[in-house]
Amino acid sequence: MGGDKPLPGSTLASDRFARASYYVARQVQPKTQIDAIAAMFSIIRNAAQPFRTPEPGKPDASQTIWQVVLDLTNKRYAFESTTRPNIVWVDFDELGFEEGIKVQKLNLLGRLALEGGLAGNVSAEFTDESKLIGGLRAAGVDALEWVAREQDEFAAVKKAVQRLVGHKKKAE
């Protein structure tokens with residue numbers, strides 16, 4: 001890229017990558033964290049897959065739903081939903097990561113969901129999910145143990161289905 005040639009403008013991944021690379025290479029050193037995050041979001045939006053009906057024969061060209069910018073220096077995770085104008089961020093320095101800390105979760109579906117106006121610094125909005133996670137883990141272990149106990153039954157069902165499929169092919 002370069003010279004007098006225009007930037008590629010299609011929705012092909014290679015064109016979107018070329019546009020993003022071009023703009024990243026031409027960014028000035030940001031003066032603030034806000035400038036840096038804003039610059040990266042503007043580049044990501046420029047390279048995002050737009051909402052549209054996928055082109056025939058290109059079902060893998062899915063729409064961009066989320067954009068994420070990580071600031072490793074300041075330990076900030078910023079994201080936005082394509083369907084909402086809000087930028088949401090988490091400052092990892094405000095969360096605990098030490099051994100033994102309870103599992104916490106940010107609710108994106110409830111009262112503070114993106115659709116309900118979730119915006120800004122949400123570090124304080126994480127809630128204790130230890131009981132839920134423990135319950136899910138126990139349910140998962142129970143399900144795996146059940147599957148292990150029923151392996152003979154699954155094998156019998158598989159054989160019956162294979163016999164039916166084979167019988168149907170012979171009849172045709």
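In this chain, numbering begins with 1 at the start of the sequence shown. Everything numeric in this text was worked out from a predicted model, so none of it was measured.
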Can you tell me how far the [atom1] atom of [X] sits from the [atom2] atom of [Y], to the nearest 0.5 Å?
{"X": "Phe97", "Y": "Gln104", "atom1": "CZ", "atom2": "CD", "value": "9.0 Å"}
{"X": "Phe41", "Y": "Asn46", "atom1": "CZ", "atom2": "CG", "value": "14.5 Å"}
{"X": "Gln33", "Y": "Thr73", "atom1": "CD", "atom2": "OG1", "value": "9.0 Å"}
{"X": "Lys75", "Y": "Ser123", "atom1": "NZ", "atom2": "OG", "value": "13.0 Å"}
{"X": "Phe79", "Y": "Ile44", "atom1": "CZ", "atom2": "CD1", "value": "13.0 Å"}

(Q) Quick one, Trp89 and Ile37 - any side-chain contact, counting heavy atoms below 4.5 Å? (A) no
ask   = Heavy-atom distance under 4.5 Å between the side chains of Thr82 and Gln63, does that happen here?
value = no
**Prompt:** Counting only heavy atoms not in Glu99, do more than 12 fall under 6.0 Å of its CD?
**Reply:** no
Residues at least two apart in sequence or cross-chain that pass salt bridge (Lys or Arg N to Asp or Glu O under 4.0 Å) with Asp91, listed by chain then number, are Arg76
Applying salt bridge (Lys or Arg N to Asp or Glu O under 4.0 Å) to Asp152 and not counting sequence neighbours gives none
Backbone N/O of [Y] and side chain of [X]: donor-acceptor pair under 3.5 Å:
{"X": "Ser21", "Y": "Ala18", "result": "no"}
{"X": "Arg19", "Y": "Pro8", "result": "yes"}
{"X": "Asp15", "Y": "Ser10", "result": "yes"}
{"X": "Gln49", "Y": "Thr11", "result": "yes"}

Minimal non-hydrogen separation, [X] against [Y], with atom names:
{"X": "Asp35", "Y": "Pro30", "answer": "CB-CB, 3.9 Å"}
{"X": "Arg16", "Y": "Ala47", "answer": "NH1-O, 2.8 Å"}
{"X": "Ala119", "Y": "Asn86", "answer": "CB-CB, 3.8 Å"}

Residue pairs passing the salt bridge (charged side-chain N to carboxylate O under 4.0 Å, His left out) test with at least one member in residues 39-50, sequence neighbours excluded, are Arg45-Glu80
Problem - Shared hydrophobic cluster for Tyr22 and Leu12 (ILVMFWY, side-chain gaps under 4.5 Å) - result: no
ask   = Do Val90 and Trp66 sit in the same hydrophobic cluster, where Ile, Leu, Val, Met, Phe, Trp and Tyr count as joined when their side-chain heavy atoms come under 4.5 Å apart?
value = yes
